[in-house]
Colleague: 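Dropping a structure here in structure tokens format, bear with me for questions.
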Amino acid sequence: MVTLCQQAEKSAAPPNSPGLRQPAQGNENQMNKKGYFGNWGGAYIPEVLYETFRQLNEAFEQVKNDPAFWQEYVDLMSTYSCRPTPLTHAENLSRHFGGGQIYIKREDLNHTGAHKANNVMGQGLLVKRMGKKRVIAETGAGQHGVATATMAAKFGFACTIYMGEEDVMRQRPNVFWMEKMGATVVPVTSGARTLKDAINEAFRDWVSSMDDTHYVMGTVCGPHPFPEMVAWFQSIIGIEARKQILKQFGKLPERVYACVGGGSNAMGIFQGFLADRAVDLIGVEAGGKGIETGQHAARLASSDASVGVAQGYKTMFLQNSDGQMLDTHSVAAGLDYIGVSPILSDLWEKKRVRFAAATDTEVMAALDLTMKKEGIIPALESTHAFVQAFKEAPELQPDQAIIINQSGRGDKDIFTIAHAFDDPSWKAFIRGKGADYAA
Amino acid sequence: MVTLCQQAEKSAAPPNSPGLRQPAQGNENQMNKKGYFGNWGGAYIPEVLYETFRQLNEAFEQVKNDPAFWQEYVDLMSTYSCRPTPLTHAENLSRHFGGGQIYIKREDLNHTGAHKANNVMGQGLLVKRMGKKRVIAETGAGQHGVATATMAAKFGFACTIYMGEEDVMRQRPNVFWMEKMGATVVPVTSGARTLKDAINEAFRDWVSSMDDTHYVMGTVCGPHPFPEMVAWFQSIIGIEARKQILKQFGKLPERVYACVGGGSNAMGIFQGFLADRAVDLIGVEAGGKGIETGQHAARLASSDASVGVAQGYKTMFLQNSDGQMLDTHSVAAGLDYIGVSPILSDLWEKKRVRFAAATDTEVMAALDLTMKKEGIIPALESTHAFVQAFKEAPELQPDQAIIINQSGRGDKDIFTIAHAFDDPSWKAFIRGKGADYAA
Amino acid sequence: MQLEQQLRAARAQKDILLMTHLVLGYPSFEVNREVIRQMVENGVDIIELQIPFSEPMADGPVIMMANQEAINAGATVKQCFEFAAEMAATYDIPFLFMTYYNILFKYGEEEFFKKSKEIGIKGFIVPDLPPEEGDKYLALARQYELAPIQIFAPTSREERMRFLAANGAGFIYCVARKGVTGKKSSFNEEFATYMARCRAATDLPLAVGFGIADRSDVETLTGKADIAVIGTATIKLVEEKGPAAVGPFIASLR
Amino acid sequence: MQLEQQLRAARAQKDILLMTHLVLGYPSFEVNREVIRQMVENGVDIIELQIPFSEPMADGPVIMMANQEAINAGATVKQCFEFAAEMAATYDIPFLFMTYYNILFKYGEEEFFKKSKEIGIKGFIVPDLPPEEGDKYLALARQYELAPIQIFAPTSREERMRFLAANGAGFIYCVARKGVTGKKSSFNEEFATYMARCRAATDLPLAVGFGIADRSDVETLTGKADIAVIGTATIKLVEEKGPAAVGPFIASLR
Ligand SMILES: Cc1ncc(COP(=O)(O)O)c(C=O)c1O
Ligand SMILES: Cc1ncc(COP(=O)(O)O)c(C=O)c1O
């Protein structure tokens, strides 16, 4: 079966930055020479990495134009992970809201539990081609770290993961798995000790280790060619989703929803529909405690962000008037980031993608509903997309469909979710375990 | 893609107890009228359930002979779960052992993280046909409970899960998810407060609730028709695996390994190869602290078990000379059970399936190796199969293959695994969390 | 004398017979001995001796715990036989073994019948052994002239009841309601219909069990059934008030 | 006078020039003031004033923490300008701004150049702004006659060095090794080859930075480079021994 699927995939997957290069789309989302998407992107890198980026660009250009590489990638993802991931018709939720048919793209069923696997395995194949022996990565919640550690184990690379000290403490389960997979996890003690600081730290490693080391950027951010490259690997989501909805529903969806941290899962699914002008694309950011509180991570859905350049690229950042980055907040660690993909900033500016924000509270309610109605546990990140989809579903007719990209599974978030639900039995359980381990 | 896959599946799935009825197999594994496999099985049920079982048998006979039902099942599993699950070539492990090629059947990539989903979703469809509105289930570690709660949410059934009080305390994360999915989890305080007691309790519920309630037995045990029915649903594993290995490796495997708790994942994959006489089938039971210590759950791989009748069926049980069941032990809760599938007892007696045991210590070592070499985290249950496969892989040649059935993923077992590895950071983390929750 | 005749004889003297139940070895054989004495002295007509089993699937919480405790306290099948022998020798009423099939199976079915016959047991109640699984058991029952008591449930259809009755002897144990032992049953109209169905299906005496706890229950049954079965109620009583309370309780029932 | 001329004039007097670095607002502008006094009085030839940025990607732990602390202590870009104006007015040596591009970008690049020119700043070091991204920046540098100091790294190829030099002015900042600021560099044969490559690529004065910590480092550089850059070393010194230790340290270097 797998191979049949692979063939279906094969004939359909343009080896050349699929979504970004669709003709109907014109050139507006195509990168110019300097790695820009419209006014956004670029490569603001220290001189010491110039040569490394030159080589990386070259290697990426090569694989992008090599259909065999894309095929190798699709094969790997269909035997090591579970691609194509299914598109699930959420019949109960659809009925519940009484509007459009809700379909869920199941990236949670990937190996390691999130869309992160797509990017990481793709970069792994690239690293193999480049002949490097070690990978490094930043991680926030730990999903990208676990995915990278997994890839490194599979490919036999040495692996170091940078993770904010705060996050190391909060996300111990993921740290445990990374270590068990053979990776070294380095707690980052600078800055806010979270994702952005881990990115800085990974760059600090890379500027001395680049000869044998590749930095596996976890999302569609950072200096060129990372945004384009990560988007390219993630485009597999949208390619599949478009075919699936046509097959299962018989026509295109009205709207496609995805949560936006850095933007990789969103770009992944959006690329499948960019050329379909009638399909409304909605990115959902972290509304945290509410936009008005300032404690959020809504770059494009709020008016709190402004154009800036940091971490190697130009985009909309949450920063103060001096250009110092702000602390962000979200119940979902993976959305808790100052910047956003330059590709999304471009699509936002061009009004091709619409943005909304979901608050922590709305997220917990949507999570609860989704578990109870469908037996599906989306990651807290993914649940943001569900919130907005639920708000809008009633606007549609039963013969219309929407797709929600479920970027990951929530059972990894048990500590956070059980805490957020303020579950007394969970607390008692943890207290008991803690007591067992005391002394 | 999904639908292409579905079609491939369609043409291949015999709607009639596939593995158990393959002609080359003769009739030896076919059940006789009374629900026996050779000398094993039967339906030792209280009179009050007679009518319920009659209806269940009737309903099962109907769907078994209805190709549309099997197709509905396959469709559901390919859009709600991730079937066909991939067959992963474990290149690094193969190289490491320098013998046969190791392939891993990835049941861990199922929705809810284990093969349990196959059985549960299948029974869910059956319940829908029977028009019942409520499901109950026993669960040990909680995997089957989570799967059943998930199915109940999806189908809109009320759901009660019986779980030994010990297990409720040990497996709080699973309890949390069951509850969040809308199920009621009832801690069972009788007996050893583990799996077998939960089964008794579920029967106690069923004898009064059978009019509107179906008991979703979690494995290929219990009274007829459960063993046959669960095996039928799980046969999807073996049907896929056989096709996949032929496609990916070009010939049949020499050996197929599966862990055996009740025996459902083992029967699932074995059925694909029962008719292939040359394929050696190996069931791996829990060796616990060592067969010699008596603290294990090896029914067929030790000489500690004897024929008995309990929980509604005749099989090999770990019991004393009076017929009282013994306490069993395994690091893997899902293998920690007194009985074993009557179908497996039959295949064991007929020497078609060979049995081995893996100790807790061997399991932890194999888990460590698998994580580091392949970036894959098998469930502790599944890891038992890996242990025996690793022992035997060197006996084979590189142009021969073996398949290990990875029945589930291990990241759900974090509390158990981190504890078993005696991880100091994990303990510190839990201590810290515990302190946070201590008012 | 075979069980059925013995019961018919007793029934000729009384409007309704009383059958009581206890779990052997719980809390101890000593207490069992005292409880039985009180039962017999206060007019119980027949006693069910449950040989404890670790997986008493059809029993409710009280009897289930009693099974567990008896095993934990070390009660063996051998001791149960010894104790039963003593009781059957001491008292003139019929004693039955109630247990789950695995106990017979592991003991050796033939041996189990032989030994039971020897010590004067009159019949068996084995709730997890339907006739379909009981070829050997039923043949041995005929051979040893021990009653393989069959069970009717409210869910049993007419045809099924006839089939069960044909395979049974001694009396029929009519489970008063769905569910396990120990919960209250309500003897309403539905129950009356059920009893009528039971009566129509067999000539064997009818015992009714599950949830019978007091005199009014017994009164309700009088005329509808031949035997009222008191199970959980006495076990709870012994737990709460000790064996001495059993006599007065039994005396109060009829 | 433009920066290059000014440095050539100074260099004519000394075998090697000393450039020092500090993070504005860390630990406070008061301490900055005292440190600069000690530096100038002990013969420092040029000073890099780092305007703190929250994401100092190219800096090692010491300078990174200094950035963070300065921001936490409330240092603003406006204060940095005020302080720099005061220093440039007080001392006769060239002052440069070192910072990351976002600081210029958010301030408004033109405004940043204009203001810097006004207060007497001589040039900028912006480690995350390669010439490819700096069209406007480089144009403004020409317009305002401020030196857009370019950086060479050991990984820069010859062609690349020429390109950088063509876009640079004032001097070239040669990063002594791969990696971030703050770790020791070893000035071995490989380093000598690297310096020869730098020299061959440009006529601009060469500064060498990253990990220069003592007199022997400075001696090693003498003859190979025009300027030795001391960065992390003084920050650590101030942290450990206070600003008063800076003068003697600087005096000991050459
Ligand atoms: C499950 C999941 N979804 C979404 C995100 C956000 O990243 P992105 O916007 O790049 O998809 C993350 C990041 O960790 C994640 O783990
Ligand atoms: C992952 C996994 N594997 C195996 C088992 C054992 O069950 P079975 O032998 O029925 O496959 C369990 C039971 O909980 C399980 O969760």
Side-chain angles (χ1 to χ4, degrees), chain A residues 1-5 8-9 78-82 84-89 92 106 109 111 113 149-154 156 169 172-173 175-177 180-182 240 243-244 247-248 368 371-375 377 411-412 414-415 418 421 423 425-427 429-435 437-438, chain B residues 1-5 8-9 78-82 84-89 92 106 109 111 113 149-154 156 169 172-173 175-177 180-182 240 243-244 247-248 368 371-375 377 411-412 414-415 418 421 423 425-427 429-435 437-438:
Chain A
M1 264 88 49
V2 165
T3 24
L4 258 183
C5 304
E9 189 60 41
S78 67
T79 59
Y80 185 63
S81 187
C82 206
T85 58
L87 183 70
T88 302
H89 185 197
N92 303 328
R106 301 293 301 282
L109 292 173
H111 183 50
T150 300
M151 176 272 274
K154 171 79 177 162
M169 290 188 314
R172 175 57 55 185
V175 175
F176 176 78
W177 296 122
K180 277 291 150 203
M181 234 98 69
E240 290 175 7
K243 269 188 250 166
Q244 289 168 326
K247 195 82 192 175
Q248 293 176 225
D368 200 54
M371 290 191 288
K372 295 225 164 41
K373 288 280 169 197
E374 299 291 344
I377 312 175
D411 59 345
K412 290 202 158 210
I414 177 115
F415 281 92
F421 279 119
D423 189 78
S425 309
W426 172 259
K427 291 183 176 179
F429 166 70
I430 293 296
R431 264 199 309 274
K433 287 266 169 200
Y437 287 148
Chain B
M1 263 92 43
V2 164
T3 23
L4 258 183
C5 303
E9 188 61 40
S78 68
T79 59
Y80 185 64
S81 186
C82 206
T85 58
L87 183 70
T88 302
H89 185 197
N92 303 328
R106 301 292 301 283
L109 292 174
H111 183 50
T150 299
M151 175 273 274
K154 171 80 179 162
M169 289 188 314
R172 175 58 53 186
V175 176
F176 176 77
W177 295 123
K180 277 289 150 204
M181 236 99 67
E240 289 174 7
K243 268 187 251 166
Q244 288 169 325
K247 194 86 192 171
Q248 292 175 226
D368 200 55
M371 289 192 288
K372 295 225 163 41
K373 288 280 171 197
E374 300 292 345
I377 311 174
D411 59 345
K412 289 203 160 208
I414 177 117
F415 281 92
F421 278 120
D423 189 80
S425 310
W426 172 258
K427 292 183 176 178
F429 166 70
I430 293 296
R431 264 199 309 274
K433 287 264 170 203
Y437 287 149

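The sequence lines fix the lettering, A, B, ..., with proteins before strands; numbering per chain opens at 1.
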Colleague: Would you name the heavy atoms of A:Ala418 and B:Phe176 that are closest together and state the gap between them?
Modeller: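 Residues A:Ala418 and B:Phe176, closest heavy atoms: CA-CZ, 3.5 Å.
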Colleague: Quick check for you: to the nearest 0.5 Å, what is the distance between B:Met181 atom CE and A:Lys372 atom NZ?
Modeller: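 Here the interatomic distance stands at 9.5 Å.
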Colleague: With rounding to the nearest 0.5 Å, note down the distance linking CD1 in A:Ile377 to CH2 in B:Trp177.
Modeller: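 Answer rounded to 0.5 Å: 4.5 Å.
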Colleague: Tell me, side chain or backbone of B:Arg172 under 4.5 Å from chain A's heavy atoms, or both, or neither?
Modeller: both
Colleague: Judged by atom type as modelled, is there a donor-acceptor pair below 3.5 Å linking the side chain of A:Thr79 to the main-chain atoms of B:Leu87?
Modeller: no
Colleague: Please check this pair: side chain of A:Asn92 against backbone of B:Lys154, looking for a donor-acceptor N/O pair closer than 3.5 Å.
Modeller: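 Judged by distance alone, yes, a pair lies under 3.5 Å.
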Colleague: Excluding sequence neighbours, so at least two apart, what forms ring-ring contact (aromatic ring centres under 6.0 Å, His included) with B:Tyr80?
Modeller: B:His111
Colleague: Please name the pair of heavy atoms, one in B:Pro86 and one in A:Ser81, separated by the smallest distance, quoted to 0.1 Å.
Modeller: CG-O, 2.9 Å
Colleague: Are any side-chain N or O atoms of B:Arg431 and backbone N or O atoms of A:Tyr437, one a donor and one an acceptor, separated by less than 3.5 Å?
Modeller: yes
Colleague: Go through the atoms of B:Asp411 and report whether side chain, backbone, both or neither lie under 4.5 Å from a heavy atom of chain A.
Modeller: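 For B:Asp411, heavy atoms of backbone and side chain both lie under 4.5 Å from chain A.
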Colleague: Please look at B:Met169 and chain A and tell me whether the side chain, the backbone, both or neither of the residue comes under 4.5 angstrom of a heavy atom of that chain.
Modeller: backbone
Colleague: Would you check if the distance from the ring center of B:Phe429 to the ring center of A:Phe415 is below 6.0 Å?
Modeller: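 When the ring centroids of B:Phe429 and A:Phe415 are compared, they turn out to be within the sub-6.0 Å range.
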Colleague: Please rank B:Lys373, B:Lys180, B:Met371 by heavy-atom pairs under 4.5 Å with chain A and give me the top one.
Modeller: B:Lys180
